[in-house]
Each structure stands twice: as structure tokens, then as C-alpha cells.
There are 2 protein chains.
Amino acid sequence: MSTATHNAEALAQKLADSGLRSTPQREVVYEVLLKKRDHPTADEVFARVKSGLPTISLATVYNCLETLVQCDLVRAVNFERGPTRYCPNLRPHAHFHDEQTGKTHDIDLPSELLEKVSSVLPAGYDAKSVEIIFRGKATKAAH
Amino acid sequence: MSTATHNAEALAQKLADSGLRSTPQREVVYEVLLKKRDHPTADEVFARVKSGLPTISLATVYNCLETLVQCDLVRAVNFERGPTRYCPNLRPHAHFHDEQTGKTHDIDLPSELLEKVSSVLPAGYDAKSVEIIFRGKATKAAH
DNA sequence: TTGCACCTTAGAACCATTCCAATTTGTTGA
DNA sequence: TCAACAAATTGGAATGGTTCTAAGGTGCAA
Ligand SMILES: [Mn+2]
Ligand SMILES: [Mn+2]
Ligand SMILES: [Zn+2]
Ligand SMILES: [Zn+2]
């Protein structure tokens, strides 16, 4: 059994779990993501997919990507679609995006933790900044 | 000495450090950010600033915000301006954006570290996901 | 077979951001 | 003092990633 077939079946299973169909477009988009793992943009996926499926549309690529993300097969790296937000808090802190209210809260970070996080970088990676973003629900929301 | 005056002076100092001028627009934009720390968007800053400076333009608000970010007085929370990128790697990992090449690299994370990061959330914050993004230069870049 | 929900498609619309050319403002040193 | 130059602001147009919409296609289920 080829890898492509195997992937397609795993995909079909995951889609079925969510009550969704497997389609040629969804299969090819997923194959493209698995084949070259360089975090492509939707446009890049579109370009790659067209060689195997020349009639696919960009709208479908966006639809498929969203479907794959919802099935937990793919992760969207910068998935904040809204406008940039600005923060004058200069202490080391993370951000918590409340998906219900749309509000963004500061979460103080012990600088010791930031160091620990940065220490996971292999040699050769020189980070100028680290950004930590939580997403979820704030039940007893702070201010 | 009023708080506003003090802030304006601190701002002027920081701007001078970068060889930049203090202007009424920059002062008011900074005041607005300090006054209500709710991570406003550029549009929201624009709306708030207009009451004190009715002739300011949206382009200037963007310019001022960028200036404040560059002076390290303000942080841009979702400062990835480019298109969303997609990743089929399902293991827990962070992302490293190489600012030179524009490439995004996966950085494996010990799940123990992810737990430690999540444990900084105060009671009442229920996170569904955590995203960690490094930015910098990869000298001996992996693939 | 027919109905119907799901899916894809092309192109228009949207909207945050950036660009541009013109003007205003501030600084410098003749 | 003022001319020259640089820095900053302004309004509007352009950009570009993403989403929307309306129309057509596909495949399962009764
Ligand atoms: Mn945002
Ligand atoms: Mn991106
Ligand atoms: Zn913040
Ligand atoms: Zn990744």
C-alpha cells in the first residue's frame, strides 16, 4: 500500500469522524502539505495542488485547509486573522485570547520560564523574540 | 508633574535615543495605549486619538504605532503581517520564523515544557491551545 | 429516480495595511 | 533671521490575503 493511499485513508477516516466527505481536492491538498513540510501559504498550496488537479480553485484550497485544521490534521501557524493589537506592557508576558469575548489578556511570565522556553532552541537558532499566545475561554475574566 | 507629562518625557527620551522627534501625534497615541490597556487595534487607537487630536490621520496612527514598537515602548501582539502558513506536524512543537529567509521551522517541544508553560495561567483561564513563536536568525538552518 | 445536502467554483467584495505624492513642521547653520 | 533641508503628517489610492456569494456539480439515501 502506497504512502499516498495510506494518507488518503487516514484522511477519509478523520473526515468521517467529523461527518465530512473525502474528496479529491481534500486529498490532494493534504498530500501537498505532507509532501513538502515548509509551512506553505494558501497561495503556495494552490500552486502546488494545481499540477495534480488543474481545475481546483483558490476558494476550494482555503476551504480544504480550514477543513483540515478543524479535523486536527493540520495546524494554522498564524491563525489570528484580525488586525494587529498593541500592548504597552513591557514586562515579560504572554497573551490570552478569549475566543468568546474577543478580548486579549496579559499573562505575567516568570522570566525563568521564558529562559526555559528559549533553551529548547537547537544550536544555530538565534531568537530575538518569543511570543506565547493562549487561546480559550476566560471563565472568571480578569480586567 | 502630571502622569501625562511624565509619560511624554519618557517618550521623548526614548525617541531621542533612536534619533526621532517627539510629536503631538506620537504623544497622544502613546497616551491612549497607556490609558486603556486592552490591546486595541490600530483602528481603535485611531478612534480614541481623534477626540484629542481630531485631524490626525489613520496613516499617522500606523506610523506612530510602528515607531513606538521600534522604540521598544509597545509590543505588537500579532505582528505577522503575511499570509497564514499551514503545518501538518501534529507533535507538540513551536515555530521559528527566520527573518532573513522568511522560512518557518518546527522546533520540537518536550510536552513537559508545554505543561509548565500552561501552568502559568491563573485560575479562570481555560486554554484550548498554546502557540509559541520565535523570531530571529537561523545561522545553521535546519530544514 | 429524485431529493437534498455537501462540495466546488469563479469572481466580487472586504478590510487591514502599505504606498504615494503633496503639504506641513521642525532643525540647522549661513 | 531666514533659507535650505530633513522629518513627519496627511488623504487617498493601491495592495493583497481572505471571505463571501451565487451558481453549478456530485453523491448518498429514501
Ligand atoms: Mn490580532
Ligand atoms: Mn504567516
Ligand atoms: Zn500584552
Ligand atoms: Zn509546524
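Each chain gets a letter, A, B and so on, in the order its sequence line appears, and its residues count up from 1.
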- prompt: Do A:His105 and A:Asp98 have side-chain atoms, one donor and one acceptor, less than 3.5 Å apart?
  reply: no
message: Please tell me whether A:Ser22 and A:Glu27 have a donor and an acceptor in their side chains that are separated by less than 3.5 angstrom.
response: yes
query: Hey, does the side chain of B:Ser57 come within less than 4.0 Å of D:dT9's phosphate (OP1/OP2), counting only N and O?
result: no
message: Below the 4.0 Å mark, does C:dT25 have OP1 or OP2 next to a side-chain nitrogen or oxygen of B:Gln25?
response: no
query: Pick the nucleotide of DNA chain D nearest each of B:Arg26 and A:Ala59; which residue has the one closer to the 5' end?
result: B:Arg26
- request: Indicate, with a heavy-atom threshold strictly under 4.0 Å, whether B:Leu20 touches base, sugar-phosphate, or nothing.
  value: sugar-phosphate
field: Distance, rounded to the nearest Å, where B:Arg85 contributes CZ and D:dG16 contributes C1'
entry: 14 Å
query: In terms of side-chain geometry, is the basic nitrogen of A:Arg135 or B:Asp126 positioned less than 4.0 Å from the acidic oxygen of its partner?
result: no
Whole angstrom value for the distance that separates P of D:dT9 from CD of B:Glu66: 12 Å
Interatomic distance where CD belongs to B:Glu27 and P belongs to D:dT9 [whole Å]: 11 Å
- prompt: At under 4.0 Å, does any side-chain N or O of B:Thr23 touch on OP1 or OP2 of D:dT9?
  reply: yes
query: Separation of B:Lys50 atom NZ from D:dG11 atom C1', in whole Å?
result: 12 Å
message: Whole angstroms only, please: what is the CD1-P distance between B:Ile56 and C:dT25?
response: 14 Å
statement: Ranking D:dT19, D:dT10, C:dT17 by distance to the side chain of B:Tyr62, first place goes to C:dT17
message: So B:Asn63, base contact, sugar-phosphate only, or nothing? Heavy-atom distance under 4.0 Å.
response: base
task: Give a yes or no on whether a salt bridge exists between B:Asp43 and B:Arg48, defined as a side-chain N under 4.0 angstrom from a carboxylate O.
output: no
statement: By nearest-nucleotide position on DNA chain C, the 5'-leaning member of B:Thr41 and B:Arg21 is B:Thr41
- request: Would you kindly say whether B:His93 and B:Asp108 are connected by a side-chain donor-acceptor distance under 3.5 Å?
  value: no
query: Between D:dG16 atom P and A:Phe46 atom CZ, what is the distance in whole Å?
result: 17 Å
message: Can you measure A:Asp43 atom CG to D:dG16 atom P for me and round it to whole angstrom units?
response: 11 Å
task: Go through D:dT18, C:dT18, D:dT9 for me and flag the one nearest to the A:Leu58 side chain.
output: D:dT18
task: May I have the distance from B:Leu15 (atom CG) to D:dA8 (atom C1'), rounded to whole angstrom?
output: 12 Å
query: Can you tell me if the side-chain N/O atoms of A:Thr55 get under 4.0 Å from OP1 or OP2 in C:dT8?
result: no
